Amino acid sequence: MNVFAEFRRTVMQAVQTLAEQGDLPASLPFDAIAVEPPRDPSHGDLATNVAMVLGKPAKLAPRALAEKLQPLLAAHPAVTAVEIAGPGFINLRLQPEYWQQQTAVILKAGIGYGDSQRGEGKPVNVEYVSANPTGPMHVGHCRGAVFGDALAALLEKAGYQVCREYYINDAGAQVDVLARSVHMRYREALGESIEIPEGLYPGDYLKPVGAALAQKYGDTYRNAPEADWLQTFRQAATDAMMAMIKDDLAALNIRHAVFTSERALHESGAVQQAYDRLQQRGLIYTGVLEPPKGKLPDDWEPRPQSLFKSSEYGDDTDRPLKKSDDSWTYFGADIAYHDDKYRRGFHSMIDVWGADHGGYVKRMKAAVKAMSGGEADLDVKLVQMVNLLDDGQPVRMSKRAGTFVTLRDVVDEVGRDVVRFIMLTRKNDAQLDFDFKKVTEQSKDNPVFYVQYAHARISSVIRNAATELPGLDVTDSALAGADMGLLKHEAELALLKLLASWPRLVESAADAHEPHRVAFFLQDVAAGFHGLWNAGRDDAGLRFLLPEERELSRARLGLIRAVAIVIASGLAVMGVTPVEEMR
RNA sequence: GCGCCCUUAGCUCAGUUGGAUAGAGCAGCCGCCUUCUAAGCGGCAGGUCGGUGGUUCGAAUCCACCAGGGCGCGCCA
């Protein structure tokens, strides 16, 4: 249950009632009506802009409209006061009982608290990572991986049916380079002493792939022409690389449901079919592109190519689907891939890309719009760079010097939960510093620690309850039966109100495709809890465990368990495991 | 030259999709441990929301132009 959504319905019903009485025009637009927590808590529990939004269409001054609504809203049993403020805000105050009972709601819902039906089970496709299958994942892939996975979890919590998907770029020239690199390792495994030429992949991770091929084929392909072995080696190599990548992702607890191969799209004819469909719509022509502005390549010359009219769908220029030698461009295949998603029933697609692909966004959105006749929507989330630091000093990375930082290095160094949490502490389009020293520091500078510490403290209190209050049933279902009316302190009520806004946050974060909001929300919740904890130091009457007052203790244990549940629920979206104790 | 993103406290960043007096952490200053983990908490101070116009009841948020920073810019992937 979402408090704000519930009262939004109450507000709309009040407007409806006035309309039926003839006091307001019928069919007023409800879309812009919002019921929110007011920024300043002294304004009350809930604030609505209804009078200001409907003032103009109803041809009434906002404050006059608010006055008409006032008695209707005051009739709600939980409402204790309806105040009109400023330009026409309506502020509602609710009975403390209303908030107090949210404790039991949370305890009963458990980790599923905040689950929403906002998505109505609609399918959403989230494509993320999609690192080229040419080597292990490096730290640069990490943020997109975590972001995409958390976004997928967030959308699931908001009631969407989510497909986590990975696009394998196994058709370009880079996988041929991979195959040649593996052939070198194959020869090496057969006893040759080799030197990896410039332009091939030098990494040691290809040695076992070469060795396996040597085992399997002996020296069959040792001196054979490339045409004999390229396909076989390419397949073996990309399979091995994908296995390695899946392994790296598993270290982050990331598992995609669908892997789509670019090569398979070519081989099945899907690329050609997508091309044909666009051609039938008259969106393809043969033309010559303008030379690129700024830096003109030395060897630039005008050549006719197959172009897609992406400029008709918001792109800056038309884009090539085929190269001048008539082979497919990457974009050509990517259109087929998105067409394939659309045909699998996804009218809502999200792609998570690195920021260096920003120049590609417009054409891909244009393609999705064109293919689906405007039915499907693509949102591209660009994930900015991560600056790796160690105690404030930039970590220099160089493949040649062997200081290349892989995803696995980072996870091994600081742990999966830390990586996942930190990667979500910035909005996706802002750069992020990742400091090995700071992220493992146990202080409130470190948001992972701060939130985990709150959860651990609550677990500690529950453990201590056994000795302080012998015989007390501290299961959630038992605590839900406590007299929550005893939670009267201002700080307790403030914390309860914050917890009750979790379902609303899930929905707004899911709408905006912004999982980082969960991380910030959890820091607020943790701060509220730590504050309450310390209030018990100044005033012993505010402690959670009071042997003399069993019923009050039960209510407070219920409250802090509700805090733990909301933290666990948020961490679940982020893919982080809540801890029971620190170390 | 063009496109996209960014610009909020000394620093790092939020800002509930246009709401009321713009928030948090760090750094600075002042307090709080015989009590459930002080690994924490409370308080003070700190702002022309890059700039100028516009849209409206109302703008950090939307639009236009300008300035600064980042990324990208024929067939690469």
Side-chain angles (χ1 to χ4, degrees), chain A residues 4 32 34 36-40 43 47 49 52-53 55-56 61-63 85-89 91 132 134 169 171-175 262 288-297 299-303 305 315-317 319-325 327-332 334 354-362 382 384-385 425-427 429-433 441-447 449-450 453-454 456-457 460-465 467-468 501 504-505 507-509 511-512 516-517 519-521 523-524 527 530-538 540 543-546 581-583:
Chain A
F4 303 93
E36 308 171 314
R39 205 161 264 177
D40 183 343
H43 290 141
N49 61 358
M52 292 179 290
V53 172
K56 189 174 271 184
R63 290 191 70 109
F89 284 101
N91 294 326
N132 286 346
T134 54
N169 299 139
Q174 82 283 0
V175 286
E262 180 187 2
V288 177
L289 284 172
E290 295 282 308
K293 298 291 190 317
K295 46 169 189 182
L296 187 65
D299 58 344
W300 192 88
E301 53 180 278
R303 286 173 190 155
Q305 297 171 263
D315 200 359
D316 308 312
T317 178
R319 304 290 180 177
L321 298 182
K322 286 186 175 185
K323 304 175 193 174
S324 50
D325 67 1
S327 66
W328 296 104
T329 63
Y330 182 79
F331 183 47
D334 218 354
D356 54 342
H357 290 66
Y360 205 74
V361 173
K362 279 187 178 180
L382 296 178
Q384 272 289 350
M385 268 177 52
T425 52
R426 289 284 177 271
K427 207 167 19 176
D429 55 16
Q431 290 195 17
L432 176 126
D433 288 346
E441 201 169 85
Q442 300 205 335
S443 78
K444 66 173 178 173
D445 311 8
N446 179 356
F449 168 76
Y450 189 71
Y453 186 31
R457 268 185 159 173
S460 163
V461 174
I462 299 292
R463 284 193 298 269
N464 285 328
T467 50
E468 301 266 333
S501 70
R504 175 185 149 81
L505 187 117
E507 292 182 352
S508 60
D511 288 349
H516 76 280
R517 293 188 191 190
F520 283 91
F521 177 78
Q523 291 180 68
D524 285 347
H530 288 308
L532 203 53
W533 171 287
N534 274 77
R537 296 188 164 274
D538 299 336
R543 291 164 56 104
F544 304 129
L545 299 176
L546 299 167
E581 55 187 336
M582 306 306 294
R583 257 166 230 258

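Remember, it's a predicted structure, so these values are computed and weren't measured experimentally. Proteins come first, then strands; the chains are lettered A, B, ... in the order of their sequence lines, and each starts at number 1. Computation of the quantities below employed the complete heavy-atom set of this structure, encompassing side-chain atoms and omitting hydrogens, waters and symmetry-equivalent molecules.
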Undergrad: Ring-plane angle category for A:F331 and A:Y360, please: parallel below 30°, perpendicular beyond 60°, tilted otherwise.
TA: perpendicular
Undergrad: Among B:G40, B:C36, B:U17, which is the nearest nucleotide to the side chain of A:F449?
TA: B:G40
Undergrad: Check whether the aromatic ring of A:H357 stacks on the base of B:G72, taking stacking as ring centres less than 5.5 Å apart and planes within 30° of each other.
TA: no
Undergrad: Assess whether one donor atom and one acceptor atom, taken from the side chain of A:R543 and the base of B:U35, lie less than 3.5 Å apart.
TA: yes
Undergrad: Measure NE2/A:H530 against P/B:G42 and give the value in whole Å, please.
TA: 10 Å
Undergrad: To the nearest 0.5 angstrom, please state how far the CZ atom of A:F89 sits from the CZ atom of A:R63.
TA: 11.0 Å
Undergrad: Which nucleotide in the set B:C36, B:G40, B:C5 lies at the smallest distance from any side-chain heavy atom of A:N464?
TA: B:C36
Undergrad: Which sits closer to the 5' end of RNA chain B, A:H43 or A:D433, going by the nucleotide each is nearest to?
TA: A:D433
Undergrad: A:Q523 has an atom CD; how far is it from atom P of B:C41, in whole Å?
TA: 12 Å
Undergrad: Of the nucleotides B:C13, B:U56, B:U16, which one has an atom closest to the side chain of A:S508?
TA: B:U16
Undergrad: For A:E262 and A:G172, work out which heavy atoms get closest and say how close.
TA: OE1-N, 4.4 Å
Undergrad: Please determine whether a side-chain nitrogen or oxygen atom of A:K362 lies at a distance below 4.0 Å from atom OP1 or OP2 of B:C4.
TA: yes
Undergrad: What's the gap between B:C49 and B:U7 when it is taken at their P atoms, as a whole Å value?
TA: 14 Å
Undergrad: Please state how far atom CD in A:Q384 lies from atom P in B:G72, giving the value in whole angstrom units.
TA: 10 Å
Undergrad: Mind calculating the distance between CG (A:L545) and P (B:C36) to the nearest angstrom?
TA: 10 Å
Undergrad: For A:Q305 and A:L289, work out which heavy atoms get closest and say how close.
TA: OE1-CD1, 4.1 Å
Undergrad: For A:K427, answer base if it contacts any base atom (sugar-phosphate contacts may also be present), sugar-phosphate if it contacts only those atoms, and nothing otherwise; contact means non-hydrogen atoms under 4.0 Å.
TA: sugar-phosphate
Undergrad: Under 3.5 Å, is there any donor-acceptor pair linking the side chain of A:N534 to the base of B:G40?
TA: yes
Undergrad: Describe the nucleic acid contact of A:A47 in one word from base, sugar-phosphate, nothing, applying a heavy-atom distance below 4.0 Å.
TA: base
Undergrad: Considering only side-chain heavy atoms of A:R504, which listed nucleotide, B:A77, B:U16, B:U37, is closest?
TA: B:U16
Undergrad: What contact category does A:P320 fall into here, base, sugar-phosphate, or nothing, at under 4.0 angstrom with non-hydrogen atoms?
TA: sugar-phosphate
Undergrad: State the syn/anti category of B:C33 according to its glycosidic angle, syn meaning within 90° of 0.
TA: syn
Undergrad: At 4.0 Å (heavy atoms only), tell me whether A:D334 reaches a base, stays on the sugar-phosphate, or touches nothing.
TA: nothing
Undergrad: What's the closest nucleotide to the side chain of A:V461 if the choices are B:C36, B:U17, B:C57?
TA: B:C36
Undergrad: Who is the Watson-Crick or G-U wobble partner of B:A14, with both distances under 3.5 Å?
TA: none
Undergrad: Under a 3.5 Å limit for both distances, which nucleotide forms a Watson-Crick or G-U wobble pair with B:A59, could you say?
TA: none
Undergrad: Under 4.0 Å, heavy atoms only, any strand: does A:Q431 hit a base, just the sugar-phosphate, or nothing?
TA: sugar-phosphate
Undergrad: Checking base pairs now: Watson-Crick or wobble, both atom distances under 3.5 Å. What partners B:G31?
TA: B:C41
Undergrad: May I have the step-by-step check of side chain to side chain contact (heavy atoms under 4.5 Å, CB included) for A:D429 and A:L382, ending in yes or no?
TA: CA-CA 6 Å; A:D429 55 16; A:L382 296 178; 5.9 Å; no
Undergrad: With a non-hydrogen cut-off below 4.0 angstrom, is A:G358 in contact with a base, only sugar-phosphate, or nothing?
TA: nothing
Undergrad: Check whether any side-chain N or O of A:Y360 sits under 4.0 Å from OP1 or OP2 of B:C5, and answer yes or no.
TA: no
Undergrad: Checking all strands, does A:T329 fall into the base, sugar-phosphate, or nothing category for heavy-atom contacts under 4.0 angstrom?
TA: sugar-phosphate
Undergrad: From CZ of A:F544 over to C1' of B:U37, roughly how many Å is that when rounded to an integer?
TA: 13 Å
Undergrad: Does A:F89 stack onto the base of B:A20, taking stacking as ring centres under 5.5 Å apart and planes under 30° apart?
TA: yes
Undergrad: Look at all strands and tell whether A:G531 reaches a base, only sugar-phosphate, or nothing, counting heavy atoms closer than 4.0 Å.
TA: sugar-phosphate
Undergrad: Heavy atoms, side chains only, cut-off 4.5 Å: are A:P87 and A:M52 in contact?
TA: yes
Undergrad: Looking only at the side chain of A:P37 (C-beta and beyond, no hydrogens), which of the listed nucleotides B:U16, B:G40, B:C57 gets closest?
TA: B:U16
Undergrad: I want to confirm an ordering. Mapping A:A535 and A:A34 to their closest nucleotides on RNA chain B, which one lands closer to the 5' end?
TA: A:A34
Undergrad: Compare side-chain N and O positions of A:N446 against OP1 and OP2 of B:C26 and report whether any pair is under 4.0 Å apart.
TA: no
Undergrad: For B:C36, take OP1 and OP2 only and decide whether either is under 4.0 Å from a side-chain N or O of A:S460.
TA: no
Undergrad: Between A:L382 (CG) and B:G72 (C1'), how many Å, whole number?
TA: 11 Å
Undergrad: Grab the CG-P distance between A:D538 and B:U34 for me, whole Å please.
TA: 12 Å
Undergrad: Which whole-number value in Å describes the distance from A:L546 CG to B:U35 C1'?
TA: 11 Å
Undergrad: Just do the side chain to side chain contact (heavy atoms under 4.5 Å, CB included) check on A:Y450 and A:S443 with the steps written out, would you?
TA: CA-CA 7 Å; A:Y450 189 71; A:S443 78; over 6 Å; no
Undergrad: Counting only distance, no hydrogens or angles, is the base of B:A20 paired donor-acceptor with the side chain of A:N49 under 3.5 Å?
TA: no
Undergrad: Check every strand shown and say whether A:Y450 touches a base, only sugar-phosphate, or nothing at a heavy-atom separation below 4.0 Å.
TA: sugar-phosphate
Undergrad: Base, sugar-phosphate alone, or nothing: which one does A:A355 contact when heavy atoms must sit under 4.0 Å apart?
TA: sugar-phosphate
Undergrad: Between A:N132 (side chain) and A:T134 (backbone), is there a donor-acceptor pair under 3.5 Å?
TA: no
Undergrad: Which nucleotide, B:A77, B:G19, B:U37, lies nearest any side-chain atom of A:Y453?
TA: B:U37
Undergrad: Tell me which nucleotide, if any, is Watson-Crick or G-U wobble paired with B:C73 when both distances must be under 3.5 Å.
TA: B:G1
Undergrad: Parallel, tilted or perpendicular: which one describes the rings of A:Y453 and A:F449, with boundaries at 30° and 60°?
TA: parallel
Undergrad: Any strand counts, and the cut-off is 3.5 Å on both contacts for Watson-Crick or G-U wobble. Which nucleotide pairs with B:A67?
TA: B:U7
Undergrad: Choose from B:G15, B:U56, B:G19 the nucleotide whose nearest atom is closest to any side-chain atom of A:R517.
TA: B:G15
